[in-house]
Q: 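What follows is a structure written as structure tokens; I'll ask about it next.
Per chain, numbering begins at 1; letters A, B, ... match sequence-line order. Just the heavy atoms: all of them, side chains too, but no hydrogens, waters or symmetry mates, feed the values below.
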Amino acid sequence: MASPLELRRRIRSVDNTRQITRAMQLVAASRMRRAQEAVQAARPYATHIAGMIERLVLATGNDRLPPILQPRPIERTAFLVLTTNRGLAGPLNTNIVRTAVNEIDAASDAIEISVVVVGKKGHLALRGLYTLSAVFTEISDQPGINDILPLTRLLIDGYERGEFDEVRMIYPEFVNILTQQPRVVRLFPVVLPESQEEAREADIIFEPDPASVLEALIPRFVEMTVYRAMLELAASEQSARMVAMRAATENATELIEGLRLAYNKLRQSRITSEIIDIASGANALADA
Amino acid sequence: MAGLTLTVVSPEREVLREDGVTLILAPSVDGQLGILPRHAPLITQLAPGTLELRRGADSQHFSITGGFLEVMNDTVTVLADASESASEISRERAEAAREAALRDLDAARRTHDDVMTTQARLALLRALARLRTVERSQRG
């Protein structure tokens with residue numbers, strides 16, 4: 001049986017923890033809102049670039065596509081795994097790493113693989129399993145487009161030089177506050193937007209010509225795809241942390257209630273036994 | 001008279017959406033490009049420079065660090081790598097960036113580092129685009 005002093009200490013300690021988890025919950029909630037706004041803000045560019053690529057592909061014709069869009073046999077696949085730098089985000093990183101390991105292991109039987117990791121958590125989890133060809137742990141959890149350019153340059157250059165023939169990206173999609181779904185998307189060969197137009201639109205003038213504009217546009221498209229995935233990661237990280245910290249705060253509250261009950265009972269029983277002591281002492285004197 | 005609708009978007013945000021624009025001047029890779037209402041459909045690549053839009057006597061200036069422009073049925077869409085309105089640009093920062101780019105360029109040329117040279121040249125072009133945007137907007 002713990003002494004009242006011990007119980008008081010434990011209550012204080014759990015209460016301190018609860019203050020920290022509650023603060024983290026509030027910070028994560030406000031950052032999540034900002035991250036969601038960033039996801040929204042990136043949407044117009046993504047919509048417009050997809051439409052432009054569609055029209056350019058239509059005008060170029062499938063037989064004259066620039067080299068970056070021409071299909072080739074896949075002998076080596078690169079995997080880009082997006083994880084967070086910081087923990088206390090519930091099962092988010094574990095889920096991503098598990099999906100990544102499944103994908104990589106399924107592919108590595110047939111072809112050569114290379115693995116590129118974003119985030120310290122992914123680095124820690126994957127470095128023992130695979131040879132990592134690059135690790136990015138300096139990207140902010142509120143990323144701007146410039147933060148991801150070194151990463152996309154590595155991928156685009158590598159694909160153009162033929163170091164790999166396919167790039168798959170694994171990241172958490174922000175579905176809602178409670179759900180972050182691991183997603184696998186192909187960055188290379190570029191998945192072209194489905195053409196919606198039945199026939200070719202009115203003749204478009206291209207400067208300098210459709211193939212060169214398309215060739216210049218594809219890197220932007222890949223950057224945009226990775227950038228949006230990083231924003232999804234950021235929103236997922238904050239929401240997962242918010243939920244985890246809310247659970248931690250609630251657990252701490254329950255724990256404190258239990259401890260307080262035990263402490264009060266103990267105190268009560270001590271008082272009772274002291275009163276009995278005094279009362280029986282007084283009775284003994286009166287009887288004498 | 002119906003004017004042009006201009007939308008400028010960068011990966012991070014929608015920079016601008018304006019209706020009733022009467023003239024757009026944009027820095028295409030092949031030279032300065034002027035767009036009036038009823039322009040033929042066009043897709044072009046943009047160089048770093050200044051995007052100017054006029055609405056009657058009114059004009060606004062934006063820096064563009066490169067990108068793409070599409071004209072379709074009097075709707076003009078600019079996909080900018082990065083874009084700022086003249087009022088958002090800090091002249092001091094742009095000048096500091098220009099000085100830094102010049103120094104980098106000099107250092108890169110001396111070491112014959114091609115990648116560094118290209119990067120420094122692009123940084124210089126971006127800084128110059130910002131400075132010119134500020135200057136042109138002040139001239140009105």
Q: Among A:Leu214, A:Val213, A:Leu217, exactly one meets side-chain contact (heavy atoms from CB on, under 4.5 Å) together with B:Ile43. Which residue is that?
A: A:Val213

Q: At a 4.5 Å cut-off on heavy atoms, which part of A:Tyr227 comes close to chain B: side chain, backbone, both, or neither?
A: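 Looking at A:Tyr227, just its side chain touches chain B.
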
Q: A quick test of your reading: do over 12 heavy atoms of other residues, nucleotides or ligands sit less than 6.0 Å from CZ of A:Arg186?
A: yes

Q: Would you find a donor on one side and an acceptor on the other, under 3.5 Å apart, between the side chain of B:Glu12 and the backbone of A:Gly144?
A: no

Q: With a 4.5 Å cut-off on heavy-atom pairs, point out which of A:Gln40, A:Arg228, A:His48 contacts chain B the most.
A: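 Top option by heavy-atom pairs under 4.5 Å: A:His48.
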
Q: Need one label for B:Ala80: side chain, backbone, both or neither, based on atoms under 4.5 Å from any heavy atom in chain A.
A: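 Backbone only.
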
Q: Measure distances from A:Leu231 to the heavy atoms of chain B and classify the residue's part below 4.5 Å as side chain, backbone, both or neither.
A: neither

Q: In Å, rounded to the nearest 0.5 Å, how long is the span from OH of A:Tyr45 to CG of B:Asp81?
A: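 Spacing of OH (A:Tyr45) from CG (B:Asp81) equals 5.5 Å.
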
Q: CZ of B:Arg91: more than 12 outside heavy atoms within 6.0 angstrom?
A: yes

Q: Against chain B, label A:Asp209 side chain, backbone, both or neither, depending on which of its atoms sit under 4.5 Å from a heavy atom there.
A: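 Nothing of A:Asp209, per the 4.5 Å heavy-atom cut-off to chain B.
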
Q: Between CD of A:Glu215 and CD of B:Gln45, what distance do you get to the nearest 0.5 Å?
A: 10.0 Å

Q: As an exercise, state the distance from CD of B:Glu70 to CD1 of A:Ile204, rounded to the nearest 0.5 Å.
A: 6.5 Å

Q: Rounded at 0.5 Å granularity, tell me how far CD in A:Glu207 sits from CG in B:Leu69.
A: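 So the CD of A:Glu207 and the CG of B:Leu69 are separated by 10.0 Å.
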
Q: For the interface with chain A, which of B:Leu79, B:Thr44, B:Thr77 has the highest count of heavy-atom pairs at distances below 4.5 Å?
A: B:Leu79

Q: More than 12 heavy atoms of other residues, nucleotides or ligands under 6.0 Å from CZ of B:Arg93: is that the case?
A: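 Count not over threshold, so no.
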
Q: With respect to chain A, which residue among B:Ala82, B:Ala40, B:Ser28, B:Ser10 yields the maximal number of heavy-atom pairs within a distance under 4.5 Å?
A: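 Sorted descending by pairs with chain A, the first entry is B:Ser10.
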
Q: Please check if atom CZ in B:Arg38 has more than 12 non-hydrogen atoms from other residues, nucleotides or ligands closer than 6.0 Å.
A: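 No - once you tally the heavy atoms of other residues, nucleotides and ligands closer than 6.0 Å, there are 12 at most.
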
